[in-house]
Amino acid sequence: MIDLAQLRREPDTVKAALARRGVSESTMDEILALDIEHRRLLQGAEALRAEVKELSRQVGEARRAKDVATAEKLTTTSREVGDRERVASEVSERVATTLRDALLMIPNVPDARVPDGIDDSENVEVRRWWVDMDQGEPQPTYADFQRVPHWEIGNELGILDMESGAKIAGSMFPLFRGAGSRLLRALSSFSLNHNSGEYEEIRPPSFALTETMMATGHLPKSADDMYAIERDGLWAIPTAEVPLTSLRRGEILDAGVLPLRLTAQTACFRREAGAAGRDTRGLLRVHEFDKTELFAYCTPEQADDAHADILRRAEELLQALGLTYRLLTLCTGDLGTASAYTIDLEVFSPGVDRWLEVSSVSWYRDFQSRRANVRYRTSDGTTALVHTVNGSVLGWVRVWAALVETYRQADGSVKLPDVLAPYFGGDTTIRTKTS
RNA sequence: GGAGGGAUGACAGAGCGGACGAAUGUACCGGUCUUGAAAACCGGCGUGGGCUUGCUCACCGUGGGUUCAAAUCCCACUCCCUCCGCCA
């Protein structure tokens with residue numbers, strides 16, 4: 001949620017920044033008008049409330065003085081004022097609800113670093129990395145045997161079975177087998193081991209309450225993209241960011257514990273309602289995938305470092321895995337609702353010949369912490385909202401695809417990078433049973 | 001799933017219709033004393049909103065209700081604890 005006080009203080013600045021994300025000036029003017037109206041009504045209701053309290057105090061006094069007549073008279077007056085107060089409060093509350101609902105639909109104010117753009121085609125590339133780039137290789141090169149899409153490799157080697165996944169849960173629910181399943185598990189462990197020294201490892205619930213989903217900004221705006229378990233009032237989490245952001249919901253943190261760094265590995269569930277029919281082959285876009293997340297609650301001053309640290313760790317993993325990747329600064333049109341600034345990492349997958357998004361590293365400023373009400377105690381004893389930062393390290397299903405395509409050998413086997421050897425009992429080659 | 005008990009400030013814990021935003025203790029912060037520290041003593045010490053910055057409103061698990069007045073009474077729910085059942 002954006003800062004209403006800031007909107008009041010500098011309406012033109014906020015309006016101009018949000019206009020870059022397509023929020024009209026009139027929408028913001030409506031919010032400002034509602035705010036003024038609400039405060040006017042609130043004052044009226046509170047004045048009446050104060051009157052009731054004062055009269056009630058006097059009733060008690062008169063009672064104790066055995067002055068029954070005065071007590072009766074005051075009671076009657078108080079009842080009348082109370083009736084008016086009830087009406088005034090209801091009206092005020094109604095406006096407050098309208099205001100809050102409107103505010104919940106407003107996206108975060110984009111950072112100055114975010115470029116303008118309509119959609120993902122206007123994201124700005126920051127840099128690329130590939131194996132041997134420091135040896136002077138102008139760009140990565142791939143042999144013909146690497147130009148095979150992962151679903152074909154998966155079938156050949158018996159490590160990916162989309163048909164069985166569909167039989168069990170419908171299309172776009174992948175099922176991994178044998179070495180394929182083991183590879184997924186290896187990647188998760190690899191990442192958690194890499195980061196769990198400085199980031200506390202958490203294994204959170206995979207379902208969340210509505211208020212938990214509200215805190216990150218996934219609700220109310222993106223309800224159609226989530227799986228809902230209506231009978232129990234729960235939502236399947238689309239990312240570990242959801243439970244991690246609410247881990248300290250409603251708390252005031254000691255500044256000494258910041259930055260508070262967490263990592264979690266979970267299944268992530270997405271309906272992909274708006275993406276029907278697009279990129280649906282193999283693992284390009286699926287309803288359930290494993291992802292490891294890094295997360296930090298921090299002070300505003302720590303936010304840049306916290307963001308850079310997560311980005312660095314994501315790159316370390318990709319480099320250790322030897323995958324070609326690029327960094328993109330998301331433009332205003334592609335930025336997530338809650339984010340003020342996001343860097344995406346995309347890995348190049350030679351078999352499908354395209355870049356696959358495997359990480360988003362985002363700074364949310366106080367947008368999420370305002371909703372989640374996570375604060376910290378500053379050095380002068382006051383409280384302030386924390387900043388939240390998080391990023392994927394990484395989305396494993398797409399990394400899986402890039403790995404099997406990149407490391408496919410001339411004989412059809414897949415020779416995975418050595419960093420994964422400890423997770424495969426030393427032998428990282430995946431062969432067909434007959435080869 | 002069944003039976004009972006509970007939820008109050010950082011923590012412990014009183015309050016069970018009116019003077020309660022809440023006793024008391026601990027912790028914490030400042031001061032006195034002391035060469036310094038401890039002890040003792042004195043003072044301070046929740047969060048958020050509104051506006052005329054002094055006042056006002058809200059908050060005692062959550063949501064409703066009763067009342068002139070609710071932490072306190074009533075209803076529902078959630079969570080925690082104990083016991084029984086079931087289960088990985």
Side-chain angles (χ1 to χ4, degrees), chain A residues 1-9 31-104 203-215 229-235 243 246-258 260 297 366-386:
Chain A
M1 191 142 69
I2 62 162
D3 183 359
L4 182 57
Q6 190 200 1
L7 176 63
R8 287 205 287 251
R9 215 165 42 237
I31 285 176
L32 283 164
L34 278 169
D35 176 45
I36 289 168
E37 174 72 351
H38 172 243
R39 282 183 290 160
R40 188 180 68 77
L41 292 167
L42 186 65
Q43 281 172 53
E46 285 189 353
L48 288 169
R49 180 78 189 136
E51 207 178 319
V52 169
K53 288 178 77 168
E54 174 57 21
L55 285 165
S56 295
R57 198 188 58 76
Q58 289 174 17
V59 170
E61 232 167 53
R63 278 268 167 85
R64 252 168 277 122
K66 306 280 191 238
D67 185 350
V68 178
T70 304
E72 293 282 304
K73 211 169 71 191
L74 287 166
T75 299
T76 307
T77 311
S78 181
R79 194 178 295 138
E80 283 164 11
V81 178
D83 286 344
R84 283 195 285 142
E85 185 269 331
R86 202 163 300 116
V87 174
S89 290
E90 270 165 30
V91 174
S92 167
E93 200 46 52
R94 205 149 47 226
V95 175
T97 302
T98 308
L99 173 61
R100 204 190 55 241
D101 289 351
L103 229 32
L104 282 174
R203 174 55 246 225
S206 301
F207 303 109
L209 299 167
T210 296
E211 54 196 302
T212 306
M213 298 291 284
M214 286 283 225
I229 301 158
E230 287 183 41
R231 188 171 66 173
D232 298 298
L234 291 167
W235 303 81
S246 280
L247 187 71
R248 300 304 197 95
R249 193 170 68 220
E251 295 186 28
I252 298 173
L253 306 174
D254 185 358
V257 308
L258 301 177
L260 183 58
Y297 293 112
D366 55 11
F367 187 91
Q368 294 180 325
S369 60
R370 182 170 291 106
R371 292 181 177 212
N373 195 24
V374 183
R375 290 165 292 170
Y376 70 102
R377 181 87 51 192
T378 62
S379 51
D380 59 10
T382 59
T383 59
L385 293 166
V386 302

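Both backbone and side-chain heavy atoms feed into the values below; hydrogens, waters and symmetry mates do not.
- S78(A) comes within 4.0 angstrom of sugar-phosphate atoms only, judged by non-hydrogen atoms across all strands, and of no base.
- In this structure, C16(B) makes no Watson-Crick or G-U wobble pair, since no nucleotide meets both defining distances under 3.5 angstrom.
- At a threshold of 4.0 angstrom between heavy atoms, the contacts of T77(A) with the nucleic acid are absent.
- In this structure, the CD atom of E93(A) is 13 Å from the C1' atom of C57(B), given to the nearest Å.
- Nucleotide A22(B) forms no Watson-Crick or G-U wobble pair with any nucleotide shown, as no partner meets the under 3.5 Å limit on both distances.
- When atom types are taken as modelled, the side chain of S369(A) and the backbone of L385(A) share no donor-acceptor pair closer than 3.5 angstrom.
- At whole-Å resolution of the value, CD in E211(A) and P in U78(B) are 13 Å apart.
- Atom CD of E80(A) and atom C1' of U67(B) are 16 Å apart (whole Å).
- Between L55(A) and D35(A), the residue whose closest nucleotide on RNA chain B is further toward the 5' end is D35(A).
- Pair assignment for A3(B): U82(B), on the basis of Watson-Crick or G-U wobble contacts that are both within less than 3.5 Å.
- For T383(A), the listed nucleotide lying nearest its side chain is U47(B); candidates were U47(B), G50(B), C68(B).
- Taking the side chain of R64(A) as heavy atoms from C-beta on, and the options A19(B), C68(B), C57(B), the nearest nucleotide is A19(B).
- Pair assignment for C45(B): none, as no Watson-Crick or G-U wobble contacts are both less than 3.5 Å.
- Closest to the side chain of R39(A), from the set G18(B), C51(B), C57(B), is C51(B).
- Nucleotide A27(B) is matched to nothing when pairs are restricted to Watson-Crick or G-U wobble geometry with both distances under 3.5 angstrom.
- Of the N and O atoms on the side chains of R40(A) and S92(A), not one donor lies less than 3.5 Å from an acceptor on the other residue.
- Checked against U56(B), A19(B), U47(B), the side chain of R375(A) finds its nearest nucleotide in U47(B).
- OP1 or OP2 of C68(B) lies within a sub-4.0 Å distance of a side-chain N or O belonging to R79(A).
- If you check C68(B), U47(B), A19(B) against the side chain of V59(A), the one that comes closest is C68(B).
- Looking at E61(A), its side chain has no donor and acceptor atom pair within 3.5 Å of the base of G18(B).
- The pairing partner recorded for G61(B) is C77(B), the criterion being a Watson-Crick or G-U wobble arrangement whose two distances lie under 3.5 angstrom.
- Pairing for G9(B) is absent, judged as Watson-Crick or G-U wobble with the two contacts each under 3.5 Å.
- Distances shorter than 4.0 Å separate none of the side-chain N or O atoms of K53(A) from OP1 or OP2 on C20(B).
- Nucleic acid contact class of R377(A) (heavy atoms, under 4.0 Å, all strands): sugar-phosphate only.
- If you run salt bridge (Lys or Arg N to Asp or Glu O under 4.0 Å) between E61(A) and each of R63(A), R57(A), R64(A), only R57(A) comes through.
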Q: Would you sort out whether D83(A) and R79(A) count as a salt bridge (Lys or Arg N to Asp or Glu O under 4.0 Å), showing the intermediate values?
A: CA-CA 6 Å; D83(A) 286 344; R79(A) 194 178 295 138; over 6 Å; no
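- T97(A) places a side-chain N or O within 3.5 Å of a backbone atom of E93(A) that can act as its donor or acceptor partner.
- Sequence order on RNA chain B of the closest nucleotides to I252(A) and R86(A) puts I252(A) first from the 5' end.
- A40(B) is paired with U32(B) under the criterion used here, namely a Watson-Crick or G-U wobble arrangement in which both key atom distances are under 3.5 Å.
- Remark: P of G18(B) and NZ of K66(A) are 15 Å apart, rounded to the nearest angstrom.
- To the nearest whole angstrom, the two P atoms, one in A23(B) and one in A71(B), are 15 Å apart.
- If you check every strand for non-hydrogen atoms under 4.0 Å, R8(A) touches sugar and phosphate atoms only.
- In summary, the side chains of E72(A) and T76(A) do not present any donor paired with an acceptor at a separation below 3.5 Å, with no hydrogens or angles considered.
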(Q) What verdict does the salt bridge (Lys or Arg N to Asp or Glu O under 4.0 Å) test give for R375(A) and E251(A), after you've listed the backbone C-alpha separation in whole Å, the side-chain angles of each residue and the deciding distance to 0.1 Å? (A) CA-CA 6 Å; R375(A) 290 165 292 170; E251(A) 295 186 28; over 6 Å; no
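- One atom, CE of M1(A), and another, P of G49(B), lie 11 Å apart when rounded to the nearest Å.
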